[in-house]
2 protein chains.
Amino acid sequence: MAQQARAIRTRRAILNSAATVFAERGYERTTIGEILVRAGVTKGALYFHFASKEDLALGVLDAQMLDVPLTPPAIKIQELADQAFLLTHRLQRDPVVRASVALALDSGATSIDRVAPFQAWIDHLSDILTVAKARGELLVHVNVTDSATLFSGAFSGVQAMSQVMCDRQDLAHRVSVLLQHYMPSVCTPALLTSLELTAERAVTLGAEYDAILLRREQDQLADTPRQ
Amino acid sequence: MAQQARAIRTRRAILNSAATVFAERGYERTTIGEILVRAGVTKGALYFHFASKEDLALGVLDAQMLDVPLTPPAIKIQELADQAFLLTHRLQRDPVVRASVALALDSGATSIDRVAPFQAWIDHLSDILTVAKARGELLVHVNVTDSATLFSGAFSGVQAMSQVMCDRQDLAHRVSVLLQHYMPSVCTPALLTSLELTAERAVTLGAEYDAILLRREQDQLADTPRQ
């Protein structure tokens with residue numbers, strides 16, 4: 001178990017360094033050598049976790065998806081809003097998540113599969129919308145695939161614009177505006193007043209997420225024998 | 001006049017070449033030398049039109065904005081939809097427009113002002129929304145700046161995703177879905193049925209735009225003396 005906790009930390013350190021170098025130089029100009037120097041690990045350690053530069057990029061791209069389970073909200077469609085607010089929170093604090101969305105939008109990164117992260121988001125949001133529709137939360141004409149694809153694309157543009165304009169300082173507000181325009185076109189009207197779509201929701205969820213992360217790290221530390 | 005027509009064509013040829021090289025190599029890795037080779041013009045000709053690589057990038061970024069006046073629609077808010085459909089049409093056929101949006105989203109292009117093209121779109125859409133609101137076409141709670149900023153950001157993400165997923169083949173449909181989600185949240189309900197928000201609108205407007213461009217080129221040719 002101690003060894004596993006160490007391996008998780010090493011993998012995370014390598015991903016952090018890869019993310020930083022990708023973000024600074026773009027995918028094509030990044031070399032494995034630079035990532036090694038930045039991470040301060042041996043070539044052997046890196047290749048134990050990642051087979052190639054492409055594999056490192058895929059690891060960074062994976063960071064977009066949430067690996068921490070949060071309390072499910074009573075209204076299913078709130079989950080779509082919550083995913084957007086949580087990604088906002090993580091974009092503002094985690095360099096790997098930032099590098100992940102930058103890689104997905106990096107049109108110079110022609111040798112990696114940039115379809116996968118978009119498709120993963122579309123599939124994830126489609127699942128949420130399908131359940132919401134089955135529960136009668138959505139307007140009957142809603143096309144689940146179209147609405148999920150739109151939200152994924154729109155979110156990615158809103159965050160890119162916020163990054164260019166003000167280094168994502170207004171992102172929670174921009175995401176709130178996106179949700180306030182999106183929800184009336186997919187939700188039944190009676191449900192709208194029960195949804196939490198303001199920037200405060202990003203703060204509440206962010207705190208819950210941070211607490212879970214901290215607990216997880218403490219659990220990992222407890223597994224490591226004292227030196 | 002003949003000289004002016006030639007100058008316009010030379011400037012356009014240089015911009016086309018710059019756009020192609022920017023799109024292939026990204027802003028930072030592009031050199032003026034490569035653009036000269038591609039355009040087949042002298043250094044003197046290039047520097048007559050553009051002061052620097054940055055100036056070339058600004059010229060490419062400018063290509064996003066429409067320089068052809070179209071017939072204004074009877075309903076003001078239709079103009080916002082029409083701008084989106086026209087940009088769709090131009091993104092599918094003009095390499096300079098494609099390079100322009102790629103540059104605006106190129107996070108490696110740190111030495112150029114990428115705020116300007118986003119701000120130009122926000123301002124342009126804000127003007128349309130302000131007039132639409134004054135004419136009573138919009139819901140009373142609509143915040144013009146927020147709605148204009150959202151649409152600019154969402155469009156840029158929708159087109160980027162469509163480019164990644166299928167080389168923009170489904171872009172007219174994606175933009176139509178965006179508009180069909182956006183309009184019910186900003187427009188008065190009675191107006192919605194009068195709006196044209198399907199992909200066919202992109203075809204009609206594209207044809208009108210192409211016809212105006214062709215006429216303009218013929219006028220320029222008529223100004224050039226026969227050899």
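Interface summary for chain B: among A/R174, A/M161, A/R29, the most heavy-atom pairs under 4.5 angstrom belong to A/M161. The choice from B/D113, B/V142, B/L178 that makes the most heavy-atom pairs within less than 4.5 Å of chain A is B/L178. Of the residues considered (B/E28, B/Q119, B/Q180, B/M165), B/M165 shows the highest number of contacts with chain A, using heavy-atom pairs under 4.5 Å. Your options are A/V115, A/L150, A/V177, A/V158, and the one with the most heavy-atom pairs under 4.5 Å with chain B is A/L150. Chain B forms more heavy-atom pairs under 4.5 Å with one residue of A/A104, A/S152, A/G153 than with any other, namely A/G153. Counting heavy-atom pairs closer than 4.5 Å to chain B, the top residue among A/D106, A/T149, A/L105 is A/T149.
Nearest heavy-atom pair, B/T88 versus B/A84, reported as atom, atom and distance to 0.1 Å: OG1-O, 2.8 Å.
For a residue to count as touching a neighbouring chain, one of its non-hydrogen atoms must lie under 4.5 Å from one of that chain's; by this rule B/Q163 touches chain A with the side chain only. Neither the backbone nor the side chain of B/A23 comes within contact range of chain A; no heavy atom of the residue lies under 4.5 Å from a heavy atom of that chain. Contacts between B/S147 and chain A at a heavy-atom distance below 4.5 Å involve backbone atoms as well as side-chain atoms.
For the atom pair A/T188 OG1 and A/K133 NZ, the distance stands at 12.5 Å (nearest 0.5 Å).
Between the side chain of B/E137 and the backbone N or O of B/I75 there is no donor-acceptor pair closer than 3.5 Å.
A donor-acceptor contact closer than 3.5 angstrom is absent between the side chains of B/D146 and A/H181.
The pair B/E34-B/R25 meets the salt-bridge criterion, with a side-chain N (NZ, NE, NH1 or NH2) lying under 4.0 Å from an Asp/Glu carboxylate O. Between B/R12 and B/D94 a salt bridge is recorded (basic side-chain N to carboxylate O distance below 4.0 Å).
Proximity of A/V21 to A/E24: side-chain heavy atoms (C-beta onward) are nowhere separated by under 4.5 Å.
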